[in-house]
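Everything numeric here is computed off the predicted structure, so don't read it as measured data.
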Amino acid sequence: EEVAGELDAVTRREHEAATRVKNINKVVLGKWEIETWYYSPFPPEYLNCDTLYFCEFDMHFVRSHAALQRYMKRSDAVHPPGNEIYRN
């Protein structure tokens with residue numbers, strides 16, 4: 001008897017095979033370059049991308065630094081969404 005939310009054996013094996021190898025090696029967020037540790041479930045068009053570049057204000061991601069720069073010129077965000085509560 002299966003518990004709700006658990007995968008059957010075949011689906012579990014397929015999932016483990018697909019997620020065994022990390023697919024994104026590095027993430028760039030602002031001035032930070034972060035090496036990844038695990039598989040990341042990004043859309044299929046990003047599977048062979050070594051590095052992803054993220055907008056630090058809205059977490060929009062692209063394949064290249066040039067694409068991020070173009071996006072940042074179009075975007076009017078100058079800080080993350082929401083109200084600042086604390087600052088130390």
Side-chain angles (χ1 to χ4, degrees):
E1 179 179 328
E2 287 190 26
V3 177
E6 287 189 15
L7 301 175
D8 61 76
V10 173
T11 305
R12 185 179 313 118
R13 277 194 302 275
E14 290 173 355
H15 172 74
E16 288 172 357
T19 60
R20 185 171 293 132
V21 178
K22 69 179 180 177
N23 54 344
I24 306 295
N25 291 320
K26 189 171 29 173
V27 168
V28 177
L29 179 64
K31 64 180 182 176
W32 304 101
E33 286 189 6
I34 306 156
E35 290 185 20
T36 61
W37 290 8
Y38 302 105
Y39 168 83
S40 303
F42 282 97
E45 58 268 20
Y46 294 94
L47 291 182
N48 295 324
C49 184
D50 183 63
T51 303
L52 283 183
Y53 297 84
F54 281 80
C55 172
E56 58 191 318
F57 303 124
D58 64 3
M59 300 304 286
H60 177 84
F61 55 90
V62 294
R63 293 173 171 257
S64 70
H65 189 278
L68 179 63
Q69 288 179 324
R70 286 192 305 272
Y71 175 78
M72 297 294 287
K73 286 179 182 177
R74 291 191 324 257
S75 175
D76 57 353
V78 292
H79 59 80
N83 297 324
E84 183 176 316
I85 298 173
Y86 300 106
R87 181 180 292 237
N88 290 24

TODO: Identify, with sequence neighbours excluded, every residue that meets ring pair (Phe, Tyr, Trp, His ring centres under 6.0 Å) alongside F57.
DONE: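 So F57 forms no ring pair (Phe, Tyr, Trp, His ring centres under 6.0 Å) with any residue.
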Practice prompt. Please identify each residue that fulfils ring pair (Phe, Tyr, Trp, His ring centres under 6.0 Å) with F61, with sequence neighbours left out.
Written response: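 Here the qualifying residues are F42, Y46, F54.
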(message) Using every non-hydrogen atom in the two residues, find where L29 and C55 come nearest and quote the distance to one decimal.
(response)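 Nearest pair, atom of L29 first, then C55: CD1-O, 4.0 Å.
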Item to complete: For S40 and N23, work out which heavy atoms get closest and say how close.
Response: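 Distance-wise, the nearest heavy atoms are O-ND2, 2.8 Å.
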- Pairwise salt bridge (charged side-chain N to carboxylate O under 4.0 Å, His left out) hits with a residue in residues 48-58, at least two apart: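 Sorted pair list comes back empty.
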Checklist entry - Pairs in or reaching into residues 66-80: which pass salt bridge (charged side-chain N to carboxylate O under 4.0 Å, His left out), with residues at least two apart or in two chains? => result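 Qualifying pairs: none.
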Requested in this report: List the steps and the verdict of side chain to side chain contact (heavy atoms under 4.5 Å, CB included) for T51 and V28.
Outcome: CA-CA 7 Å; T51 303; V28 177; 3.7 Å; yes
Item to check | Main-chain N/O of I24 paired to T36 side chain as donor or acceptor, under 3.5 Å | outcome: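 Yes.
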Cluster partners of I85, using ILVMFWY side-chain heavy atoms under 4.5 angstrom, listed by chain and number?
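ILVMFWY cluster around I85 also holds Y86.
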- What residues, two or more places apart in sequence or in another chain, satisfy salt bridge (Lys or Arg N to Asp or Glu O under 4.0 Å) together with E33?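 Only K26 meet the salt bridge (Lys or Arg N to Asp or Glu O under 4.0 Å) criterion with E33.
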- request: Would you please name every residue forming a side chain to side chain contact (heavy atoms under 4.5 Å, CB included) with V10, sequence neighbours left out?
  value: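 Checked V10 against side chain to side chain contact (heavy atoms under 4.5 Å, CB included); matches are D8, R13, E14.
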Exercise. Identify whether V27 and Y38 are in the same connected component of the hydrophobic contact network (ILVMFWY, side-chain heavy atoms under 4.5 Å).
Key: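 Result: no, two separate clusters.
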How long is the span from the OH atom in Y53 to the CD atom in Q69, to the nearest 0.5 Å?
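Rounded to the nearest 0.5 Å, the OH-CD separation comes out at 10.0 Å.
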